[in-house]
There are 2 protein chains.
Amino acid sequence: MIETKQKILDTAEQLFGEQGYGATSLRQIIAAAGVNLAAIHYHFGSKEELLDQIILRKAEPVNRERLEMLERFEAEAGGGPVAVEKILEAFLTPAIARVAVNPGFSKLSGRLLGEGLMPAIVEKHFRHVAIRFTGALARALPELSPVELEWRGFFVIGTMAHTMCSKPQTNASLEGMEAWKVLRRLVAFLSGGLRAPATETSGTEVNR
Amino acid sequence: MIETKQKILDTAEQLFGEQGYGATSLRQIIAAAGVNLAAIHYHFGSKEELLDQIILRKAEPVNRERLEMLERFEAEAGGGPVAVEKILEAFLTPAIARVAVNPGFSKLSGRLLGEGLMPAIVEKHFRHVAIRFTGALARALPELSPVELEWRGFFVIGTMAHTMCSKPQTNASLEGMEAWKVLRRLVAFLSGGLRAPATETSGTEVNR
DNA sequence: GTCTATACTGAGATAGAC
DNA sequence: GTCTATCTCAGTATAGAC
């Protein structure tokens, strides 16, 4: 039955989100899903492939929304550059919105960049989006060199990942309305960072 | 022998750094160190406790340097607030410097915030430093509310962690002289973010 | 094509002899 | 303090039932 595959996907997604990828065993998943152990390897081949399918299922709509939002802002800008804040909003909102609704989503997606592994998975599912947004940022911040821009985009990813998979000690999670405050804080912080004066004098980059 | 304990510590630190914590087995460690499997459990109790000891050994001098640098800057400021850039420099330099010398250090320390994340370990070893630096930031940025400040400090940690455990695709690592360029970029980006105008306008959380 | 039962290898942990 | 032997549980692989 294809129902089996869906049940594995749903259950694994939930457990990975709650406990993390490494801490969740396949036997836990099959017990909760009520399926056989070998069914996982029949449908997915390996634990890592299972994770890959889950990521894909989650990332695809997020990335689509991101691109749609960015394109809408670009249309509104009518050929001119889109403001940094808008670009960040387009990039962050679809992800944060899901975290707000489903907390399990946060750990799962946030950990992708942290759990050490699967840089290949991240690369595969998010690379084209990153390229698209870096291009928009380059137009918004023409004074930054490509190298500088790449690093700043990298910093943005790091902040987002950390925000999605952890939280400040004292404060509540990203759930519910809190998420929108966090989004505002993120956009403010990151746009401040992106707009900071470049550190390099173009060309040599050695003197400060 | 005490030598056994040291040998385990050194070997495990190297292997954790090279392959990550989860991907390194105790049997790998004992083979490389030339000791018995049970010796690890005798001296450390568990794999996680072993990691904890390694972290402690590494984190202690880093944190001491951080506090020393901060205190030096505070003395130079003569009672007044220390500039945001200086605070960031004091916080980031000791860690980045070690990454520059020992790349294995990066994966190990950077992953603490991402991998299966022993929040207890991080909490234990870095909490007092975080409090100290947050205090300095509060004096440097008096216009920010405590909540806003906490979030921004959280964003700083995220950016640093991501930078220490990953790297932009095209670019080289943090090794050697590259590290100082990265440090400059980090300070520029993060100070821009920290200095951004506060986002709080509505009264829902300002009064607390 | 799907799924079940079962076996295989290697992981971390532990008890007890020395 | 150290080591051997052993336990449990992980991910994986395969043979065969429907």
Side-chain angles (χ1 to χ4, degrees), chain A residues 1-57 107-108 111-112 114-122 124, chain B residues 1-57 107-108 111-112 114-121:
Chain A
M1 290 190 273
I2 49 174
E3 190 189 333
T4 302
K5 189 171 180 177
Q6 282 302 317
K7 219 158 19 181
I8 294 171
L9 236 23
D10 293 337
T11 310
E13 178 183 323
Q14 188 190 337
L15 291 176
F16 285 163
E18 288 172 3
Q19 312 173 336
Y21 172 74
T24 303
S25 74
L26 295 181
R27 285 168 171 85
Q28 246 183 304
I29 296 170
I30 63 157
V35 303
N36 186 273
L37 177 59
I40 292 185
H41 288 91
Y42 173 75
H43 286 290
F44 303 98
S46 71
K47 188 183 179 184
E48 195 166 332
E49 265 294 315
L50 169 60
L51 176 63
D52 194 72
Q53 293 296 320
I54 293 172
I55 302 302
L56 179 62
R57 212 170 58 149
K107 281 176 152 181
L108 180 58
R111 271 183 191 167
L112 293 189
E115 202 153 349
L117 351 158
M118 61 218 83
I121 294 180
V122 174
K124 177 161 49 173
Chain B
M1 288 194 273
I2 295 181
E3 191 188 334
T4 302
K5 190 171 179 177
Q6 282 302 319
K7 218 154 25 179
I8 294 170
L9 235 24
D10 293 337
T11 309
E13 178 183 322
Q14 187 191 336
L15 291 176
F16 285 164
E18 288 172 3
Q19 312 173 335
Y21 172 73
T24 303
S25 73
L26 294 183
R27 285 170 172 84
Q28 244 184 306
I29 296 169
I30 63 159
V35 301
N36 187 273
L37 175 61
I40 292 185
H41 290 93
Y42 173 75
H43 285 290
F44 302 98
S46 72
K47 188 183 180 184
E48 195 167 333
E49 266 294 315
L50 169 60
L51 175 64
D52 193 71
Q53 292 296 320
I54 293 173
I55 302 300
L56 180 61
R57 216 170 56 149
K107 279 177 154 179
L108 182 58
R111 272 183 192 167
L112 293 189
E115 187 168 355
L117 54 144
M118 45 228 88
I121 294 181

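Numbers restart at 1 for each chain; the letters A, B, ... are given by sequence-line order, proteins then strands.
Out of C:dA13, D:dA13, C:dT14, the shortest distance to the side chain of B:Ser46 is found at C:dA13. The listed nucleotides are C:dT4, D:dA10, C:dT14; the one nearest the side chain of A:Asn36 is C:dT4. Of the candidate nucleotides C:dT14, D:dT12, C:dG12, D:dT12 has the atom lying nearest to any side-chain atom of A:Leu26.
Residue A:Ile30 contributes atom CD1, which lies 10 Å from atom P of C:dA5 at whole-angstrom precision. The distance from atom CD1 of A:Ile29 to atom P of D:dG11 is 7 Å, rounded to the nearest whole Å. Across the protein-nucleic acid pair, A:His41 atom NE2 and C:dA7 atom C1' stand 14 Å apart, rounded to whole Å. The distance between atom CG of B:Leu50 and atom C1' of C:dA13, rounded to the nearest whole Å, is 14 Å. Atom-to-atom, CD of A:Gln6 to P of C:dC3 comes out at 12 Å; the value is rounded to the nearest Å. Between the NZ atom of A:Lys7 and the P atom of C:dT2 there is a distance of 15 Å, rounded to whole Å. Following rounding to the nearest Å, A:Glu48 (CD) and D:dG11 (P) show an atom-to-atom distance of 12 Å. A straight line from OH of A:Tyr42 to P of C:dA5 spans 17 Å, rounded to a whole angstrom.
Mapping A:Ala38 and B:Lys5 onto DNA chain D by nearest heavy atom places B:Lys5 at the nucleotide closer to the 5' end.
Taking CG from A:Leu50 and NZ from A:Lys5, the interatomic distance works out to 10.5 Å, rounded to the nearest 0.5 Å.
Nucleic acid contact for B:Ile40: none, since no nucleic acid atom lies under 4.0 Å from a heavy atom of the residue. Heavy atoms of B:Ala39 sit nowhere under 4.0 angstrom from any nucleic acid atom.
A donor and an acceptor atom never sit less than 3.5 Å apart when one is taken from the side chain of B:Arg27 and the other from the base of C:dG10.
Under a 4.0 Å N-O distance rule, the pair B:Arg57/B:Asp52 does not qualify as a salt bridge.
Side chains of B:Lys47 and B:Ile40 form no contact here, defined as non-hydrogen atoms less than 4.5 Å apart.
Exactly one residue among B:Leu9, B:Leu15, B:Val35 makes a side-chain contact (heavy atoms from CB on, under 4.5 Å) with B:Ile29. That residue is B:Leu15.
A donor-acceptor pair under 3.5 Å is formed between the side chain of B:Tyr21 and the backbone N or O of B:Glu48.
Remark: B:Ser25 is not in phosphate contact with C:dG10, judged by side-chain N or O atoms under 4.0 Å from OP1 or OP2.
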